[in-house]
Chemist: 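Below is one structure. I have some questions about it.
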There are 2 protein chains.
Amino acid sequence: MNQLLLFEEDLVSESAALIKGRRFLHMKEILKNAEGDSLRVGLKDGKSGIAEVVSMGEDHAEISFNLKDSPPPALDVVLVLALCRPKSMKRALYYAVSMGVKEIHIIRSYRVDKSYFLSPVISDEGISETSLLALEQCRDTIFPVVRIHKLFKPFAEDILPLISAGKNKILCHPYSALPFPDSVSGESVIIIGPDGGFIQYEIDLLRGICFDCYSMGERILRTENAVAAVLSKFS
Amino acid sequence: MNQLLLFEEDLVSESAALIKGRRFLHMKEILKNAEGDSLRVGLKDGKSGIAEVVSMGEDHAEISFNLKDSPPPALDVVLVLALCRPKSMKRALYYAVSMGVKEIHIIRSYRVDKSYFLSPVISDEGISETSLLALEQCRDTIFPVVRIHKLFKPFAEDILPLISAGKNKILCHPYSALPFPDSVSGESVIIIGPDGGFIQYEIDLLRGICFDCYSMGERILRTENAVAAVLSKFS
């Protein structure tokens with residue numbers, strides 16, 4: 001944890017908060033905070049700065065803070081990700097949020113295992129928790145919007161054209177001939193397919209709404225590894 | 001597993017092998033292979049191609065194969081990585097091998113927790129197993145060379161100058177002013193520091209042997225996430 005995230009309900013005044021639960025245990029057991037120590041905090045959807053530990057109680061800490069720093073700039077990328085194995089999915093989400101993505105669409109496609117949609121990783125609570133941990137890691141305060149789409153065709157035909165209008169449209173596809181550009185600037189929508197890739201019907205549909213296929217090379221990467229590698233191309 | 005890796009000891013002839021243990025269980029339970037099925041295989045340090053399942057026994061499979069494809073090109077990067085938490089380390093190693101790195105040096109520095117060196121993740125067996133799984137993922141056949149260095153100064157003064165001679169020398173350092181280049185070509189040595197970064201003494205020593213500091217941006221990424229993101233800049 002590189003920054004403790006504060007929520008409205010933690011605040012006791014404009015510059016003081018009570019910290020309980022997991023975050024308190026982290027302060028106590030990992031950071032080994034004592035009265036007078038300082039630590040980095042950020043207010044959800046707000047600014048960041050330094051807090052001072054006023055007191056460490058049995059089950060809560062009191063801190064006072066002064067928040068002046070804006071969160072790091074977001075990445076101008078909308079990430080569309082076919083649902084993968086829950087373990088990979090959780091890490092893909094964590095890396096994407098850590099790298100600054102603020103809009104993520106998790107979709108079904110032909111080669112997505114239907115049972116993955118039952119995973120707690122993509123429940124509201126699961127997504128919130130992973131996002132929180134990633135924001136704490138990268139010192140951001142702004143949660144991403146994450147949407148789940150259980151039907152490919154309506155997503156590709158009705159939603160994708162709206163969210164990608166006027167943006168770079170990039171489809172990562174291992175069997176494409178175009179090499180991925182070294183860097184991409186400007187608002188972009190990037191689609192990463194499932195294990196085994198999209199089927200031809202899906203590719204055709206995405207091409208039909210002007211997505212271009214790019215390959216990340218011969219090597220087949222795990223989804224979360226591909227997410228980190230691809231996002232690194234955007235600035 | 002996108003490619004089953006074969007070892008000398010599996011071979012019964014130049015074009016046939018017996019598969020046992022974990023790989024056999026994977027064929028049986030995950031791939032659900034039956035006689036006549038085909039699957040992708042590669043010979044350690046050699047070529048890849050398609051194999052046919054000749055028979056599925058109780059505890060082994062017999063396959064015949066024809067290997068024509070060369071492994072994917074290696075990444076011209078020597079990765080020097082300060083040892084991090086074992087869980088992160090394992091993934092960092094997995095991603096680096098998946099992305100084609102063939103020479104990895106795991107080092108100690110001031111902020112590395114000494115106890116991490118006891119982790120099975122960096123034992124010979126741990127490194128071999130992680131490398132094998134990563135090679136199976138990315139369809140490569142060539143194992144990386146991984147070295148562990150428990151003393152920073154002798155590594156930086158005696159070994160690093162030798163392995164970095166004539167190559168791009170890049171040090172990832174979060175507090176540096178130089179932004180990371182969009183892409184880097186040519187042989188390179190890249191150094192990624194520990195949680196909390198290198199201390200000034202270490203930075204000075206690395207600068208002294210001509211490593212330049214580059215920042216990956218304001219966000220602090222987990223080591224394995226940084227590894228995937230940084231390696232993606234190299235071609």
Side-chain angles (χ1 to χ4, degrees), chain A residues 1-3 30 40 48 69-75 85 87-88 91-101 133-142 172 174 179-185 195-197 215-235, chain B residues 1-3 30 40 48 69-75 85 87-88 91-101 133-142 172 174 179-185 195-197 215-235:
Chain A
M1 186 194 291
N2 294 307
Q3 175 172 279
I30 311 287
R40 199 157 176 96
S48 301
D69 307 333
S70 297
L75 206 62
R85 283 188 315 121
K87 261 187 160 177
S88 271
R91 285 182 209 140
L93 189 60
Y94 185 96
Y95 299 162
V97 175
S98 295
M99 294 176 81
V101 178
L133 294 174
L135 294 175
E136 288 180 341
Q137 165 70 37
C138 71
R139 293 191 175 165
D140 199 345
T141 63
I142 299 172
C172 292
F180 212 92
D182 284 341
S183 78
V184 186
S185 54
D195 286 347
S215 162
M216 290 288 289
E218 282 179 59
R219 294 171 183 276
I220 304 174
L221 303 180
R222 267 204 209 156
T223 303
E224 75 267 26
N225 188 351
V227 164
V230 167
L231 291 177
S232 170
K233 306 278 194 182
F234 292 82
S235 57
Chain B
M1 186 195 287
N2 295 307
Q3 175 173 279
I30 311 287
R40 204 164 168 89
S48 301
D69 308 333
S70 298
L75 206 62
R85 281 188 318 121
K87 261 187 160 178
S88 270
R91 286 182 208 140
L93 188 60
Y94 185 96
Y95 299 161
V97 175
S98 296
M99 294 177 80
V101 178
L133 294 174
L135 293 175
E136 287 179 341
Q137 166 69 38
C138 72
R139 292 190 175 164
D140 198 347
T141 63
I142 299 172
C172 291
F180 211 93
D182 284 340
S183 77
V184 186
S185 54
D195 285 349
S215 162
M216 289 287 289
E218 283 179 56
R219 295 171 183 276
I220 304 174
L221 303 180
R222 267 203 209 158
T223 304
E224 75 267 27
N225 189 352
V227 164
V230 167
L231 291 178
S232 170
K233 306 277 195 183
F234 292 81
S235 57

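Residue numbering restarts at 1 for every chain, and letters A, B, ... go by the order of the sequence lines. Heavy-atom basis, side chains included; hydrogens, waters and symmetry copies ignored. It should be emphasised that the depicted structure is a prediction, and the values quoted were computed from it without experimental measurement.
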Chemist: Only distances under 3.5 Å count here; give the side-chain donor-acceptor pairs of residues 226-235 of chain B to other protein atoms, sequence neighbours excluded, each with its distance to 0.1 Å.
Modeler:
from, atom 1, to, atom 2, distance (Å)
Ser232(B), OG, Ala229(A), O, 2.6
Lys233(B), NZ, Ser232(A), O, 3.0

Chemist: Could you tell me which non-hydrogen atom of Ser98(B) sits nearest to which non-hydrogen atom of Leu221(A), and how far apart they are?
Modeler: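 Ser98(B) and Leu221(A) have their closest heavy atoms at O-CD2, 3.6 Å.
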Chemist: Distance check, rounded to the nearest 0.5 Å: Glu224(B) atom CD versus Glu224(A) atom CD?
Modeler: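 That separation rounds to 9.0 Å.
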Chemist: Examine the side chains of Arg222(B) and Tyr95(A) and answer whether a donor and an acceptor come within less than 3.5 Å of each other.
Modeler: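 The answer is no; no qualifying pair exists.
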Chemist: Quick one: of Met99(A), Arg139(A), Gln3(A), Gln137(A), who has the most non-hydrogen atom pairs under 4.5 Å with chain B?
Modeler: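 Option with the top pair count is Gln137(A).
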Chemist: Considering all heavy atoms of both residues, which atom of Cys138(B) and which atom of Arg219(A) are nearest to each other, and what is their separation?
Modeler: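 Scanning both residues completely, I find the closest heavy atoms to be SG-NH1, 3.4 Å.
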Chemist: What option among Asp140(B), Asp182(B), Ile220(B) has the most heavy-atom pairs under 4.5 Å with chain A?
Modeler: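 Looking at each of Asp140(B), Asp182(B), Ile220(B) in turn, Ile220(B) comes out on top.
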Chemist: Quick check on Val97(B) against chain A: is it the side chain, the backbone, both or neither that has a heavy atom closer than 4.5 Å?
Modeler: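 Looking at Val97(B), just its backbone touches chain A.
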Chemist: Side chain, backbone, both or neither: which part of Asn2(B) has an atom under 4.5 Å from a heavy atom of chain A?
Modeler: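 Side chain only.
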